[in-house]
Amino acid sequence: MTTTSAKLLKLALPLIKTHGFTREALSLSALSLPTPLANPLPDASVTALFGPGDDACRTLVHAWLDDARRRMKEEATGKMGMGDVLKARLKSNEPVLEHLPEAFALLASSPLLPLPLLPVDPAPIIKHAAQVSNQACWIAHSDARESSWYTHRATISAIYLAAELHQLTSPKTAQAFLDSLLENAEHAGKALDETALFASYIWKSWRGIVRSSGVLV
């Protein structure tokens, strides 16, 4: 990625709230440069810098997710427990919450074929949850009381994914739902074979959310 595209991606992040994870947001980012362009980037320039079609939108989704993980680390204060770390990550979703179903639909579709003709691929969303889990465990691991979480990153990943799913459908109760999952993680993990069945259940629910966004059929 060039310096120019990286700079424009960063400037596009605040535009997601109003314009979504779109080529338009990338185009308008040029108006926020220190020396702004007179007009938004033409579509050909968006393609040249960020990729054709939905690939450019996926580039913006990945940039936003990377930025959210970066802020997890930078905004961590004192000895934060696992619940506090994951709640902070959920809170960072709030400004763009209405656009997240489409963002995850983009992640869950192959860049080789156009939406909405594709089957849903869970791998990118599962990877996203695992990256959040790794970062959360790294932050919380500094507290000896939380160190046991570090050996259960897969469980934390599944719990976070379930909480994020819940947030999309019921934002006001997402943090309480997260608390209940963390409090019952040991029993839930045993009952659902640690993460295998749990992850399967979560993915079926995620697939429903992704399809209901109207991007996939």
Side-chain angles (χ1 to χ4, degrees), residues 9-10 13-14 16-17 21 60-104 107-108 122-203 205-206 209-210:
L9 267 177
K10 185 175 181 179
L13 297 180
I16 294 171
K17 182 177 180 179
F21 295 89
L60 183 55
V61 173
H62 284 295
W64 183 83
L65 292 174
D66 290 345
D67 184 68
R69 287 195 305 275
R70 177 189 61 77
R71 286 185 282 116
M72 280 178 70
K73 182 177 180 180
E74 290 183 355
E75 296 172 6
T77 58
K79 293 184 177 181
M80 295 179 71
M82 182 59 67
D84 294 330
V85 175
L86 295 180
K87 285 177 185 177
R89 177 59 186 82
L90 287 176
K91 189 172 181 60
S92 70
N93 287 342
E94 292 176 1
V96 301
L97 197 59
E98 66 178 300
H99 303 296
L100 284 184
E102 183 174 357
F104 288 118
L107 288 183
I125 292 177
I126 291 174
K127 180 180 178 181
H128 149 62
Q131 289 173 327
V132 171
S133 171
N134 286 340
Q135 185 75 295
C137 288
W138 184 88
I139 294 169
H141 187 56
S142 61
D143 186 341
R145 296 171 301 174
E146 300 288 330
S147 61
S148 61
W149 285 122
Y150 203 74
T151 60
H152 299 289
R153 283 171 288 177
T155 301
I156 293 301
S157 179
I159 286 174
Y160 177 77
L161 195 56
E164 199 164 56
L165 163 65
H166 186 94
Q167 185 183 33
L168 292 182
T169 56
S170 183
K172 292 182 179 180
T173 59
Q175 294 198 2
F177 181 70
L178 174 64
D179 283 336
S180 70
L181 291 177
L182 290 171
E183 290 171 4
N184 296 287
E186 182 178 354
H187 300 297
K190 290 179 180 178
L192 294 170
D193 190 23
E194 195 65 17
T195 57
L197 295 178
F198 194 24
S200 175
Y201 163 76
I202 292 169
W203 175 245
S205 300
W206 259 109
I209 292 291
V210 166

Decide side-chain contact (heavy atoms from CB on, under 4.5 Å) for V61 and F104; before the verdict, give the C-alpha distance in whole Å, the side-chain angles of both, and the deciding distance to 0.1 Å. CA-CA 8 Å; V61 173; F104 288 118; over 6 Å; no
Under 30°, 30 to 60°, or over 60°: which ring-plane class applies to F177 and H166, parallel, tilted or perpendicular? parallel
Which atom of A163 lies closest to which atom of A174, heavy atoms considered: O-CB, 4.4 Å
Does any part of the side chain of N93, heavy atoms only, come nearer than 4.5 Å to the side chain of L168, both counted from C-beta? no
Answer whether the closest heavy-atom distance between the side chains of W64 and L9 falls below 4.5 Å. no
Quick one: are L107 and H62 in side-chain contact, heavy atoms under 4.5 Å? yes
Look at K10 together with D67 and state whether they make a salt bridge at an N to O cut-off of under 4.0 Å. no
Heavy-atom closest contact (A136 atom, M72 atom, distance): N-CE, 3.8 Å
Heavy-atom distance under 4.5 Å between the side chains of H128 and Y160, does that happen here? yes
Within the side chain of S133, is there an N or O that forms a donor-acceptor pair under 3.5 Å with the backbone of R153? yes
Rounding to 0.5 Å, atoms CG (L97) and NZ (K17) come to a distance of 12.0 Å
Without swapping roles, check the side chain of D84 against the backbone of M80 for a donor-acceptor pair under 3.5 Å. no
Hey, could you give me the CZ/CD1 distance between R69 and I139, rounded to the nearest 0.5 Å? 11.5 Å
Shortest non-hydrogen pair, A108 vs I125, comes out as CB-CD1, 4.1 Å
When you measure from the side chain of E164 to the backbone of L90, do you find a donor-acceptor pair of N or O atoms at a distance under 3.5 Å? no
Contact between L86 and I156 at the side-chain level, heavy atoms closer than 4.5 Å - yes or no? yes
Between OG1 on residue T173 and CG on residue D179, distance to nearest 0.5 Å: 11.5 Å
Looking at K91 and E94, is any side-chain nitrogen of the basic one under 4.0 Å from a carboxylate oxygen of the acidic one? yes
Heavy-atom check, side chain of Q135 versus side chain of R89, under 4.5 Å: no
Smallest heavy-atom separation, R71 atom then S92 atom, equals NH1-CB, 3.6 Å
Taking the basic N atoms (NZ, or NE/NH1/NH2) and the acidic carboxylate oxygens, is any pair closer than 4.0 Å for D66 and R70? no
With the side chain counted from C-beta on, respond yes when V132 and S157 share a heavy-atom pair under 4.5 Å apart, and no when they do not. no
